[in-house]
Protein chains: 2
Amino acid sequence: MFHGRPYSHILERLRGAGLRPTRQRLALAKILFENGDRHISAEQLHTEALHAGIRVSLATVYNALHQFTTAGLLREIVVDSGRSYFDTNISVHHHFFHERSGYLEDIPGEIMIGNLPEAPAGTAITRVDVIVRVAA
Amino acid sequence: MFHGRPYSHILERLRGAGLRPTRQRLALAKILFENGDRHISAEQLHTEALHAGIRVSLATVYNALHQFTTAGLLREIVVDSGRSYFDTNISVHHHFFHERSGYLEDIPGEIMIGNLPEAPAGTAITRVDVIVRVAA
DNA sequence: TTCACTGCAAATGATTTGCAAAGCA
DNA sequence: TGCTTTGCAAATCATTTGCAGTGAA
């Protein structure tokens with residue numbers, strides 16, 4: 001979208017995460033991070049990459065998604081058994097899940113959670129997920 | 001556990017759900033509903049059934065779990081991609097998910113959720129899931 | 001008898017893995 | 001050059017399906 005401002009910011013992002021900026025990682029990161037907030041599956045990302053003329057294998061897409069997730073650039077969301085979504089919005093927020101279509105959508109605004117009990121002994125909370133399931 | 005009170009209540013439960021009380025459905029329901037609140041996977045239930053001396057195929061276990069879920073006797077919980085848990089507690093409640101072990105546990109007490117926005121146009125909320133992920 | 005239910009084995013679909021070839025530092 | 005990363009195809013894992021045989025009403 002921005003001519004004359006190629007990959008530098010994405011390049012930084014990958015480098016900052018300790019990931020070598022290979023051709024395929026750069027291209028995938030571009031699709032992921034230059035199109036606003038997205039909820040995307042591995043298969044979808046692979047398809048988009050091929051459409052964009054990027055030669056990349058599905059295995060590499062899986063690798064990249066997991067590496068990005070581990071590096072904190074993505075967040076994995078599980079709502080539906082047998083399919084993972086990756087969210088490019090890594091800030092604290094929650095989701096609407098459309099049960100019929102499998103469509104995942106950010107919940108606008110902030111949700112307040114009260115009365116949350118302490119984590120079981122010897123554990124600490126790593127994340128709280130709220131999934132509001134909706135149907136037509 | 002209760003001698004002299006064999007399957008009558010379970011039988012009723014299945015009949016009430018419009019499910020023919022076959023030998024395998026009765027046996028599986030017995031394992032599921034006579035041991036308090038449980039979070040169980042298909043594979044686990046199958047193993048337990050075999051241990052209890054019940055000849056039942058894994059396919060039938062899957063069928064039964066889905067039929068029970070559709071009938072409202074169970075609730076399916078997805079926390080972990082690639083594995084489904086079924087919860088015998090169908091009242092409104094939420095879960096701790098132990099990320100390392102995959103263990104799922106009820107959150108005691110009630111969680112208050114405020115500021116929940118309206119469901120997207122044309123949809124209605126079917127359920128709200130709160131999953132508190134914890135790690136050691 | 002009839003139609004639902006079950007078991008088996010094969011099919012499916014998402015994800016992972018092994019390993020040789022190719023690519024970045 | 002040396003260590004990563006990639007691609008491919010095969011392997012895996014949970015789950016589903018097709019279909020012939022079995023069982024409940």
Side-chain angles (χ1 to χ4, degrees), chain A residues 7-8 10-29 31 39-50 53-71 73-74 76-86 102 104, chain B residues 7-8 10-31 39-50 52-71 73-74 76-86 102 104:
Chain A
Y7 293 93
S8 40
I10 288 187
L11 225 147
E12 285 317 304
R13 219 161 161 178
L14 292 181
R15 287 233 178 83
L19 295 170
R20 199 185 272 189
T22 63
R23 182 174 55 76
Q24 12 303 68
R25 293 215 268 236
L26 272 169
L28 294 174
I31 293 175
H39 304 102
I40 199 170
S41 69
E43 202 75 48
Q44 277 169 48
L45 180 56
H46 185 230
T47 303
E48 282 196 32
L50 296 186
I54 300 149
R55 268 183 50 269
V56 61
S57 74
L58 186 55
T60 297
V61 170
Y62 274 104
N63 285 338
L65 284 171
H66 288 139
Q67 290 152 353
F68 292 178
T69 301
T70 302
L73 303 173
L74 287 179
E76 188 172 0
I77 304 183
V78 182
V79 273
D80 199 2
S81 124
R83 175 183 245 79
S84 269
Y85 290 92
F86 293 85
L104 198 59
Chain B
Y7 292 94
S8 39
I10 288 187
L11 225 146
E12 286 317 305
R13 218 161 162 179
L14 291 182
R15 287 234 176 82
L19 295 170
R20 199 184 271 188
T22 62
R23 182 174 55 76
Q24 12 304 69
R25 292 214 270 237
L26 272 170
L28 294 174
K30 192 160 183 275
I31 294 174
H39 304 102
I40 198 171
S41 70
E43 202 74 51
Q44 276 169 47
L45 180 54
H46 185 230
T47 303
E48 282 196 31
L50 297 185
I54 298 148
R55 267 182 51 268
V56 62
S57 73
L58 185 54
T60 297
V61 170
Y62 274 103
N63 285 337
L65 284 172
H66 288 138
Q67 291 151 353
F68 292 179
T69 301
T70 302
L73 302 172
L74 287 179
E76 187 172 359
I77 304 183
V78 182
V79 272
D80 198 2
S81 125
R83 176 183 245 76
S84 269
Y85 290 91
F86 294 86
L104 197 59

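Throughout, protein chains are lettered first and strands after them, A, B, ... in sequence-line order, and every chain is numbered starting at 1. Computed from a prediction, not measured in an experiment: that's the story for all the values here. Worth knowing before you read on, the calculation uses all heavy atoms, side chains too, and leaves out hydrogens, waters and symmetry mates.
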Restricting to side-chain hydrogen bond (donor to acceptor under 3.5 Å, both in side chains), what partner residues turn up for [X], sequence neighbours left out?
{"X": "A:E48", "value": "A:R38"}
{"X": "B:H46", "value": "none"}
{"X": "B:Q67", "value": "B:R25"}
{"X": "B:T60", "value": "B:S57"}

[atom1] of [X] versus [atom2] of [N]: gap in Å, rounded?
{"X": "A:E76", "N": "C:dT15", "atom1": "CD", "atom2": "C1'", "value": "11 Å"}
{"X": "A:L50", "N": "D:dT6", "atom1": "CG", "atom2": "C1'", "value": "14 Å"}
{"X": "B:Q24", "N": "C:dA4", "atom1": "CD", "atom2": "P", "value": "17 Å"}
{"X": "A:H46", "N": "C:dT16", "atom1": "NE2", "atom2": "P", "value": "15 Å"}
{"X": "A:R25", "N": "D:dG7", "atom1": "CZ", "atom2": "C1'", "value": "14 Å"}
{"X": "A:I54", "N": "D:dG7", "atom1": "CD1", "atom2": "C1'", "value": "16 Å"}
{"X": "A:L19", "N": "D:dT4", "atom1": "CG", "atom2": "C1'", "value": "11 Å"}

D:dT5 phosphate, OP1 or OP2: any side-chain N/O from A:Q67 under 4.0 angstrom?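 It does not, given that no N or O in the side chain of A:Q67 lies less than 4.0 Å from OP1 or OP2 of D:dT5.
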
Would you say a side-chain N or O of B:T60 is under 4.0 Å from OP1 or OP2 of C:dT6?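 No.
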
Minimum heavy-atom separation for B:A42 to B:L65, with atom names?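 Scanning both residues, the minimum pair turns out to be CA-CD1, 3.6 Å.
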
Per-nucleotide protein contact along nucleotides 13-25 of chain D, 5' to 3', at a 4.0 Å heavy-atom cut-off (B base, S sugar-phosphate only, - neither), is -SBBB-----BB-

Residues in side-chain contact (heavy atoms from CB on, under 4.5 Å) contact with [X], at least two apart in sequence or another chain:
{"X": "A:R15", "answer": "A:L11, A:E12, A:P21"}
{"X": "B:R83", "answer": "B:S41, B:Y85"}
{"X": "A:S84", "answer": "A:E76, A:V78, A:F86, B:S81"}

To the nearest 10°, let me know how far the axis at one end of the helix from C:dT1-D:dA25 to C:dA25-D:dT1 is tilted from the axis at the other, five pairs an end.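 One end's axis against the other's: 30°.
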
Side-chain heavy atoms of B:H66 within contact of B:L74, under 4.5 Å: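 They are not in side-chain contact.
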
